[in-house]
Every structure is written in C-alpha cells, then in structure tokens.
Amino acid sequence: MESEDSYLAAIKEVACTLVETTMRNVEGYFQTKYRPPLQETDRHMAKNITWTPCKDFTVELGMKQIEEYISTWEFHESWLHCIDFLKEEEVEFSKLYHYRTRWSIPTRRKPIPRATACVYFTIQISKIKPLVLPVEVFFIFESTRLVHRPGQSRFREKWLKDIIESKLIMMESITF
C-alpha cells in the first residue's frame, strides 16, 4: 500500500511539473505572438546590453561586450569595423580600459578606404564600489567631445559619415 502511495505521489509530481512547464510555454507563446505593436517612442529608445560585473571583467570579455553592444546599433551592412584594445590605465579610484573601434566602407573599386572613423570606448572598473556591480562604459566619437553612455544615447550612422566626410574634405585641401 505504501509503495502504491509513493508511486501515485511520484506520478502526481511529474504531472504537475509537466502542466507547469506547458503553461509557461503557452504563456510565453501568446506574449510574443500577441504582443502589442511597438510605440513610436520604443523604436527610438537607446539600446543597451547587460554588462559584466567588475569581478568577471577581462580585456577579451570587454572586446566581446563592446561587439555585442555595437550589434544593437542600426547601420547599413556596408559598414565594417574592427576593435582594438589600446591600453589599461590606473587612476586613483578605478582602472580604465581603452578600446578603439575603427569604421569604414570599403568598396570593390576602393577596397582600402581613403578615410576611417573611430569610436573610442572606455570601460571603468571601480576600486571602491562592490565588485558585483557592472562595469561602467563610456564612448566618444572621433573629433567630438560629447561622452556617450550605453542605453542613454542612440547611435546615428550619420556621425560616422560626418567624420569620414570631414577627413576627405581636409585631405582634398592639402596638396603634396
């Protein structure tokens, strides 16, 4: 009798688990299928990613996360970029890791671009805040002073185009 009760309890437990899993899956399906359309303000929101905690940070992980963050930007597929680690800098209350992303639009006629645009990223690891907090990230576009933060400013492809255009205009004005 006791083994029969334990057998029925095990069946009941498995059945409850199956029903709960099925209900979660159905709920998720309906949430994605019948999600209300995006509001106009949602389309123009600045995107962000979940940045790693300070304790888990490495230079390589920083590069991967910058790449992941850049993948949230909207730009034409003809743009190519590469990421370089520049240096590690120790300051009073934090460590700064500097990266450069170099952007260009190579073509068949000109596979080597005449000009590139750079975006400089800085990842800050605090020495005084708890190590479980995420790293802080800042970035600036070449030839500008405005400091951007992920999730607070929305990328504009025009910024890269303006940098390249100004370099080309400057190069045309110089004669060798």
Below 4.5 Å, heavy atoms only, C-beta onward: do Val132 and Lys55 meet side chain to side chain? yes
What verdict does the side chain to side chain contact (heavy atoms under 4.5 Å, CB included) test give for Asn48 and Thr72, after you've listed the backbone C-alpha separation in whole Å, the side-chain angles of each residue and the deciding distance to 0.1 Å? CA-CA 7 Å; Asn48 200 356; Thr72 67; over 6 Å; no
Which atoms form the tightest heavy-atom contact between Leu131 and Ser126, and what is the distance? CD2-O, 4.4 Å
Classify the ring geometry between Phe141 and Trp159 as parallel (under 30°), tilted (30 to 60°) or perpendicular (over 60°). perpendicular
Quick one: OG1 on Thr52 to CG on Leu133, what's the gap to the nearest 0.5 Å? 12.0 Å
Out of curiosity, Phe139 CZ to His98 NE2, how far, rounded to the nearest 0.5 Å? 16.0 Å
List the steps, then state whether side chain to side chain contact (heavy atoms under 4.5 Å, CB included) holds for Val147 with Thr122. CA-CA 10 Å; Val147 177; Thr122 301; over 6 Å; no
Nearest heavy-atom contact between Arg149 and Phe138 is NH2-CE2, 2.8 Å
Can you check whether Ser104's main-chain N or O pairs, donor with acceptor, with Thr116's side chain at less than 3.5 Å? no
Do the side chains of Glu67 and His81 get nearer than 4.5 Å, heavy atoms only? yes
Set out, in order, the CA-CA distance, both residues' side-chain angles and the distance that settles side chain to side chain contact (heavy atoms under 4.5 Å, CB included) for Ile125 and Ser94, then state yes or no. CA-CA 5 Å; Ile125 310 293; Ser94 62; 5.8 Å; no
Minimal non-hydrogen separation, Glu74 against Arg154, with atom names: OE1-NH2, 3.8 Å
Indicate yes or no for a side-chain donor-acceptor contact from Glu68 to the backbone of Ile49 under 3.5 Å, with no hydrogens or angles considered. no
Would you call Lys127 and Glu92 a salt bridge, using N to O less than 4.0 angstrom? no
Taking the ring of His148 and the ring of Phe155, is the distance between their centroids below 6.0 Å? no
Does Ile70 reach the side chain of Trp103, with side-chain heavy atoms less than 4.5 Å apart? yes
Applying the 4.5 Å side-chain criterion to the ILVMFWY set and letting contacts propagate, would Ile140 and Trp73 be lumped into a single cluster? no
Please round to the nearest 0.5 Å and tell me the distance separating atom CE of Met45 and atom CD of Gln152. 11.0 Å
Count I, L, V, M, F, W, Y as connected when their side-chain heavy atoms are under 4.5 Å apart, and connections chain through other members. Are Val135 and Leu96 then in the same cluster? no
For the NZ atom of Lys47 and the OH atom of Tyr69, what is their distance to the nearest 0.5 Å? 10.5 Å
All heavy atoms of Pro106 vs all of Leu80, minimum pair found to be CG-CD1, 3.4 Å
Tell me yes or no: between the side chains of Glu157 and His76, is some donor less than 3.5 Å from an acceptor? no
Kindly determine whether Arg100 and Glu142 satisfy salt bridge (Lys or Arg N to Asp or Glu O under 4.0 Å), including the steps that lead there. CA-CA 10 Å; Arg100 174 185 59 210; Glu142 176 182 2; over 6 Å; no
Thr58 and Leu61 have their tightest heavy-atom pair at OG1-N, 3.0 Å
Is the closest side-chain heavy-atom distance between Leu160 and Val119 below 4.5 Å? yes
Indicate the atoms forming the closest heavy-atom contact of Gln65 with Thr50, along with that distance. NE2-O, 3.1 Å
Side-chain donor/acceptor of Tyr99 to backbone N/O of Val59, under 3.5 Å: yes
Measure the shortest side-chain to side-chain distance between Ile123 and Ile66 over non-hydrogen atoms and say whether it is less than 4.5 angstrom. yes
Could you check, using the six-membered ring where one of them is a Trp, whether Trp51 and Phe121 have ring centers closer than 6.0 angstrom? no
Answer whether the closest heavy-atom distance between the side chains of Tyr97 and Met63 falls below 4.5 Å. no
Return the CD to SG distance between Glu136 and Cys54, rounded to the nearest 0.5 Å. 8.0 Å
